Amino acid sequence: MRRYLVAGNWKLNKGPAAGAELAQAVSNLLQGRELKGDVLVCPPYVSIPAVSAVAAGNPVMTGAQNCADQNEGAYTGEVSPSMLKEAGARYVIVAHSERREYQRETDDSFVAKINLIHQAGLKAIFCYGEKLEERKAGQAQAVVKAQLEGVLPRLESADAYNTVLAYEPVWAIGTGETATPEQAQEIHAYSRQVVGDLLGATVAEHMRILYGGSCKPGNARELIGLPDVDGGLIGGATLKAEDFVGIIDGAEAANG
Ligand code: PEP
C-alpha cells in the first residue's frame, strides 16, 4: 500500500511572513487529525525556515522548489540540497515544467541535482509530462518514457522511498484544464511500467507517482483515487488553506 503525498508548490508566492501565515492556517485546519498520508508545502527558498518553524510538530512537512546541481563553491545565487536540509526542507522538487521551459534545464542537471538531494538525505520529486502538441500528435507515452529514461537509470541510489515521481501534463498546469481520469490513469500505469523496466518491479510497485495539473478540491478525490495515482503536486489551489485542505480531504476519502 503506497502512502499518499499531497504536495503544494507555492511557486513565486508567499514570502516568509505570508508563508508562515498560510502554513499556520493549514496547520490549524488539520489540527488533531491523524492523516493516512503525507502533506508537504514547498515555498520559495527564503520562506523555508519560517514555514518549517510553523510546521514543526504538525503533519505538514516543508520542501523546496529547486536546488543547485553543485554542493558548494563559486555558483552565485545557488542554494544546495544540504543547505535546504539545514533550513528545514525534507523534499526538493526537480524538473518542474516551468524550469524546463524558462531555465532551459536538462537531464544532466536533473541527474546531478537528484543525486545531491539523495546524498543530503532528502527526497526528490521528479516532474515530467508532455506538452499539448505532443499529446495531440499521439506522443504522450513516448515523451514520458524518454523523460524517465533520461534520468532514472543514471541516478546513484534512487529507490521508492527517496524518489517520488510527479506526472504533470504541461497543458494542464495552471490552465484550469485537468487530465481526465482515463488520461491520468493511462500515463500513470504506463510510467509505473517504465519504472519497472528501469529500476525493477519492486521499486515500481512502491514508488509514489503524483498527478499535477489543475488539481482542486472538486477533482482531488477522483484523481487521487485512481489505482496508479498516489497523490498530487498542486500549484494554484494550495495558496488558499481551505482549498489545500479540501484536496487533502479528497486524498483521505480516496484512501478510505
Ligand atoms: C504545478 O505547479 O506543479 C501545478 C500542478 O500547478 P497547478 O496546480 O496550478 O496547475
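Order of listing sets the numbers, starting from 1, for every ligand and every atom in it. FYI, the numbering just counts along the sequence from 1. These numbers come from a predicted model, not from an experiment.
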Which atoms of ligand 1 have any heavy atom of [X] under 4.0 Å away?
X: Lys11; answer: 1 (C), 2 (O), 6 (O)
X: Gly174; answer: 7 (P), 9 (O), 10 (O)
X: Ala172; answer: 10 (O)
X: Leu233; answer: 3 (O), 5 (C)

| query | Heavy-atom contacts under 4.0 Å between Asn9 and ligand 1: side chain, backbone, both, or neither? | reply |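 For Asn9, the contact with ligand 1 is made by the side chain alone.
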
| task | Please work out whether any backbone atom (N, CA, C, O) or any side-chain heavy atom from C-beta onward of Ala237 is under 4.0 Å from ligand 1, and answer side chain, backbone, both or neither. | result |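 No part of Ala237 comes within reach of ligand 1.
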
Quick one: look up the protein heavy atom nearest [atom] and list residue, atom name and how far away it is.
atom: atom 1 (C) of ligand 1; result: His96 NE2, 3.2 Å
atom: atom 9 (O) of ligand 1; result: Gly236 N, 2.8 Å
atom: atom 3 (O) of ligand 1; result: Glu168 OE2, 2.6 Å
atom: atom 7 (P) of ligand 1; result: Gly235 N, 3.5 Å

Salt bridge check: are [X] and [Y] linked by an N-O gap of less than 4.0 Å?
X: Asp230; Y: Arg2; result: yes
X: Lys123; Y: Asp38; result: no
X: Arg100; Y: Glu105; result: no
X: Asp107; Y: Arg154; result: no
X: Asp197; Y: Arg192; result: no

